[in-house]
J.: 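Sharing a structure here in structure tokens format.
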Amino acid sequence: MALTKSNDEVDAMRRGGALLSVALQTAVDAVKQGVTMAQLDDIATKVIVDGGGKPSFMGYKNGSGEPFPSTMCVSVNNEIVHGLGNRDITLREGDIVGLDIGLWLDGLCTDMAVTVPVGKINKERLALLRATRDAMYAGVDAAIVGNTVLDIGGAIEDAIDQKKYGIVKGLVGHGVGHKVHEAPHVPNYRGKFSPVKLVPNMCIAIEPMLTTGSDSITTAKDGWTITTVDGSDAGHFEVTLVITENGPEILTPQPDVGI
Ligand code: MG
């Protein structure tokens, strides 16, 4: 499958990304102590459906064949990604909650995520969220014509104080648009990945995941939720962008999460 999109397809992703961003911002604005994951998921779903889109994670199958049950992945504290968004679990003051969301609009899909403080969080958690967001933007800045996906991983790695944070290596960013996950892999570190060249109209999701401890991960009994092995906290931020001759264009404007 081609690694690039037509201009019309990029336009569709620009529209989809704008709608996705509104859906995520609406959910972010509803984050507070006492709200449940399922309530946040319902809020985001309504914005997508009212806007003519379709949630792209709902029904998505992973290796276990178990279809994903919600619009968003909602992952709290030591949960890194892929937490089930239909859980009747209440958020508490001081939690950090990752909200990862994707949609289809006009035949193309987009993908984005933020990690949000619930009320007032401690300074270690605040620093984790800022470091993860900064690492994502370091990767975005490296997403230029002539670089490869490895330059993105290198830029992310260089932006992170590895004495303080683990970089999750078992999960990486990816191409996006025709499918929820497509080629190429977009790593968050220097690793043995194919050095795919970045060219105009390539659409990728950049999504570093950091922990306050080890980078070891494990999958929960539900077959989806990925957590840190050592129970340390995790942060996750993600954008979908298109490579252009004038630099990266973010297709999923980041919501304000108040950090
Ligand atoms: Mg993604």
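Both ligands and their constituent atoms are indexed starting at 1 by order of listing.
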J.: Are there any protein N/O/S atoms under 2.8 Å from the Mg ion (ligand 1), and if so, which?
T.: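 Under 2.8 Å from the Mg ion (ligand 1) - ignoring waters, which are not counted - the protein N, O or S atoms are Asp111 OD2, His174 NE2, Glu207 OE2, Glu238 OE2.
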J.: By the ring-ring contact (aromatic ring centres under 6.0 Å, His included) test, which pairs, at least two apart or in different chains, include something from residues 50-84?
T.: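 Output for this query lists Tyr60-His181, Phe68-Trp224.
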J.: May I have all residue pairs that pass salt bridge (charged side-chain N to carboxylate O under 4.0 Å, His left out) and include part of residues 67-76, sequence neighbours excluded?
T.: none
J.: If we count only N and O atoms by modelled type, under 3.5 Å, do the side chains of Asn86 and Asp41 hold a donor and an acceptor together?
T.: no
J.: Taking only residues two or more places apart in sequence, or in another chain, which ones meet Thr71 in a side chain to side chain donor-acceptor pair (under 3.5 Å)?
T.: Thr45
J.: Just by distance, with hydrogens left out, do Asp230 and Ser232 show a side-chain donor and acceptor under 3.5 Å apart?
T.: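 There is such a pair between these side chains.
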J.: Answer yes or no: are there more than 12 heavy-atom neighbours, outside Arg92 itself, under 6.0 Å from its atom CZ?
T.: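 For Arg92, atom CZ is not crowded (no more than 12 foreign heavy atoms under 6.0 Å).
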